[in-house]
Amino acid sequence: EDGSSLLLDGSADALQNQRMERADALDCVTQLDKVRIQFLLRGQRLVEDGGSPGFRAAPPDALLRLQRREFYRLQTPLSHAVTCTLALPQADGSRRNTELRILDISGGGVAIAVPPVGVPFEQGTEFANCLLNLPDGPPIPARLIVRNLFRITNRSGAELLRAGCEFADMPRGAEDAIQRYILKVERERNARDRGRL
């Protein structure tokens, strides 16, 4: 809250707090949006915060963010509608363009929210001539290959099928446009989070 230090909760064990205060550094490990974050804190001092023990220290010099993926994956915010238009086969053999919500996105693919019935999604299914609709940019053409399927239940209790899809045949500059979108959303989230602190 002072803008120049970090405050961590202490232990209920006073002896543990004493050992932590005397340590050369505290190796801190946490997770944010399923990404492991690790950093070292030095010069920590034991303080009282609202009647509970805590440790105050200068912010770390560096953060290590570990995500076991080739690409960073962003959960898309509800405030920025990100969709994908697919030509889905119909019972009469025709195809109909259907716009589906994207749950998360990376430079390598997307996870799409698919209604649990009536839409032919199976592992290995390929969808040609798809359009990725990012805010503030023209649609990006792509071919999608379904790599995995999971049934999920959203906050309202409705059941959805989550289809993890890999991008194929992306045009030049498409990955850059996706990365720009991801960075923009991350900057906005960070600014919002800083405003709440």
Side-chain angles (χ1 to χ4, degrees), residues 29-38 64-193:
V29 181
T30 187
Q31 272 198 349
L32 178 66
D33 297 329
K34 300 178 187 168
V35 177
R36 178 184 161 108
I37 297 174
Q38 189 167 352
L64 177 64
R65 291 170 55 112
L66 294 174
Q67 188 172 28
R68 301 193 196 303
R69 297 179 174 274
E70 184 180 349
F71 298 99
Y72 176 77
R73 188 167 293 275
L74 171 83
Q75 283 188 306
T76 57
L78 293 174
S79 57
H80 294 135
V82 182
T83 61
C84 191
T85 305
L86 289 80
L88 298 178
Q90 304 300 300
D92 62 4
S94 66
R95 291 188 170 269
R96 181 171 55 100
N97 281 345
T98 305
E99 194 170 74
L100 299 174
R101 186 168 71 88
I102 292 176
L103 300 171
D104 66 48
I105 186 169
S106 76
V110 292
I112 298 173
V114 182
V117 292
V119 180
F121 268 73
E122 293 176 9
Q123 193 167 343
T125 303
E126 293 191 21
F127 294 97
N129 305 316
C130 300
L131 290 176
L132 179 62
N133 306 303
L134 298 177
D136 306 325
I140 299 170
R143 181 167 55 94
L144 295 181
I145 304 167
V146 179
R147 294 298 183 198
N148 54 61
L149 294 162
F150 298 100
R151 291 210 178 276
I152 59 173
T153 304
N154 66 17
R155 288 182 186 151
S156 67
E159 191 177 83
L160 291 173
L161 193 61
R162 179 195 182 279
C165 302
E166 178 184 6
F167 291 134
D169 302 331
M170 296 288 280
R172 251 175 110 176
E175 191 177 323
D176 290 341
I178 292 167
Q179 292 303 327
R180 280 193 301 274
Y181 166 73
I182 289 171
L183 288 171
K184 178 184 175 195
V185 172
E186 284 292 312
R187 276 195 302 269
E188 289 172 357
R189 279 184 181 165
N190 290 339
R192 248 191 337 268
D193 290 345

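Heads up: numbering here begins at 1 and tracks the sequence.
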Can you tell if the side chain of Leu144 reaches within under 4.5 Å of the side chain of Ile112, non-hydrogen atoms only? yes
Identify whether the distance between the nearest side-chain nitrogen and carboxylate oxygen of Arg162 and Asp104 falls below 4.0 Å. yes
Starting at CG of Leu134, measure out to CZ of Arg180 and round the result to the nearest 0.5 Å. 10.0 Å
Leu131 vs Asn97, test: side-chain contact (heavy atoms from CB on, under 4.5 Å). Steps then yes/no. CA-CA 10 Å; Leu131 290 176; Asn97 281 345; over 6 Å; no
Exam field: side chain Thr83 to backbone Glu99, donor-acceptor pair closer than 3.5 Å: no
CG-CG distance between Leu86 and Leu100, expressed to the nearest 0.5 angstrom: 5.5 Å
Spacing of Tyr181 atom OH and Ile140 atom CD1 [to the nearest 0.5 Å]: 11.0 Å
Search all heavy atoms of Glu122 against all heavy atoms of Leu149 and return the closest pair with its distance. CA-CD1, 3.6 Å
Working note: Val110 + Val82, criterion side-chain contact (heavy atoms from CB on, under 4.5 Å); need CA distance, chi angles, decisive distance, verdict. CA-CA 10 Å; Val110 292; Val82 182; over 6 Å; no
Atom SG of Cys130 and atom CD1 of Ile145: how far apart are they, to the nearest 0.5 Å? 10.5 Å
Under the criterion side-chain contact (heavy atoms from CB on, under 4.5 Å), I'd like the reasoning laid out for Glu126 against Arg143: C-alpha separation, chi angles, the key distance, then a yes or no. CA-CA 7 Å; Glu126 293 191 21; Arg143 181 167 55 94; 2.5 Å; yes
Tell me the closest heavy-atom pair linking Met170 and Ala142, and the distance in Å. SD-CB, 3.3 Å
Only counting residues at least two apart or in another chain, list the ones meeting side chain to side chain donor-acceptor pair (under 3.5 Å) with Arg95. none
Could you grab the distance from atom CG of Leu183 to atom CD of Glu188, nearest 0.5 Å is fine? 11.5 Å
Should the heavy atoms of other residues, nucleotides or ligands under 6.0 Å from CG of Asn129 be counted, would the total exceed 12? no
Minimal heavy-atom distance between Ala163 and Val146, with the atoms involved, is CB-CG1, 4.5 Å
CD1/Ile105 to CD1/Ile182 distance, rounded to the nearest 0.5 angstrom? 5.5 Å
Could you pull out the closest heavy-atom pair between Ser106 and Phe167, with the gap in Å? O-CE1, 3.4 Å
